[in-house]
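For ligands, and for the atoms within them, numbers begin at 1 and follow the listed sequence. All figures in this text were calculated on a predicted structure; none of them were measured in a lab. Computation of the quantities below employed the complete heavy-atom set of this structure, encompassing side-chain atoms and omitting hydrogens, waters and symmetry-equivalent molecules.
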Amino acid sequence: MNKIKDATDFIKEKLGSKRPTIGVILGSGLGSFADKVQDPIIIDYNEIPHFHATTVKGHSGKLVIGSIGEAQVAVFQGRFHYYEGHELDTVVLPVRVLAKIGCKKLILTNAAGGINSEYSPGDLVCLTDHINLTGSNPLIGKNNDELGVRFPDMSEAYSSKLASLLFDIANEMDLNLKAGVYAGVLGPSYETPAEIQMLKVLGADMVGMSTVPESIAANHAGLQVCAVSCITNLAAGISKEKLDHDDVKDVANQVITPFTKLLERAVIEMEKLN
Ligand code: HPA
């Protein structure tokens, strides 16, 4: 069984003349960016071999391929998480399919809990780096040499070139885009206050349950990666409030307008870069 080939062949058949070069994966509550795609081909995850319906509220489970300005994009509206019980090779299948259909750049987005005391709910944060605390790695097992090398370099897991482009656009928009390190945990339970204190000591500014496996697989496959977190809540113990996924979605919805504008402009500018 070759999950990557099956899924890629299926999607390639549907592409027609479209040649997406920028991939986007949208996190909890952030899916409506896909509505900005013009002249879209929309493919339900259920139709794609080895893809699954998403089980998490706020992840609609559609692949939308089309254009935004001059940029040709492939947008995954919703993702697979390790905590849903998927194998890691399923979690990162969208990333590998993007690489195989010709994408060179990837924008990852997610909802995250804020650890850094400068962050407030509703802030958008550009990832400068991550800490993999999931206890696993999507590259475990025999290396797929067609995809990438056995020991991929992760010293610039998030492209500084793409990040500075995001900051330039945010500046022009008068948007206070922050920078930070993302701690990727397994979930699905939220962290305890003691765990958040530990993450703070480790150097994390925010915490979430996605993005890290995708970023590793993308770096392995030679994609340039950037990522934006929406701080949907202050992490456990940073605020006394209890954590609830409905609040996560609500806050993501509140920032959807600037978030969408930032991404729209980002893909247009990224198309112009090598
Ligand atoms: N912790 C982990 N994942 C999250 C959080 C959080 O506080 N908020 C949104 N995703």
Peer 1: Apply the test side-chain hydrogen bond (donor to acceptor under 3.5 Å, both in side chains) to residues S160 and E156: give CA-CA distance (whole Å), side-chain angles for both, the deciding distance (0.1 Å), then the verdict.
Peer 2: CA-CA 7 Å; S160 55; E156 200 180 320; 3.0 Å; yes
Peer 1: Can you pull every nitrogen or oxygen pair between ligand 1 and the protein closer than 3.5 angstrom?
Peer 2:
unit_1   : atom_1 : unit_2 : atom_2 : d
ligand 1 : 1 (N)  : E191   : OE1    : 2.8
ligand 1 : 1 (N)  : E191   : OE2    : 3.3
ligand 1 : 7 (O)  : N233   : ND2    : 2.9
ligand 1 : 8 (N)  : G113   : N      : 3.3
ligand 1 : 8 (N)  : N233   : OD1    : 2.7
ligand 1 : 10 (N) : A111   : O      : 3.4

Peer 1: Who are the side chain to side chain contact (heavy atoms under 4.5 Å, CB included) partners of D168, not counting sequence neighbours?
Peer 2: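 Listed in chain order: nothing, the list is empty.
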Peer 1: Check this for me: does any side-chain nitrogen of one of K18 and D39 sit under 4.0 Å from a carboxylate oxygen of the other?
Peer 2: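 Salt bridge between K18 and D39, a charged N being under 4.0 Å from a carboxylate O: yes.
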Peer 1: Do K249 and D246 sit within salt-bridge range, that is, some charged N less than 4.0 Å from a carboxylate O?
Peer 2: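 Looking at K249 and D246, the cut-off is met.
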Peer 1: Going by an N to O cut-off under 4.0 Å, is there a salt bridge joining K14 and E47?
Peer 2: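 Salt bridge between K14 and E47, a charged N being under 4.0 Å from a carboxylate O: yes.
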Peer 1: Determine, for K178 against E118, whether the closest basic-nitrogen to carboxylate-oxygen distance falls under 4.0 angstrom.
Peer 2: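 A salt bridge is absent here (no side-chain N lies under 4.0 Å from a carboxylate O).
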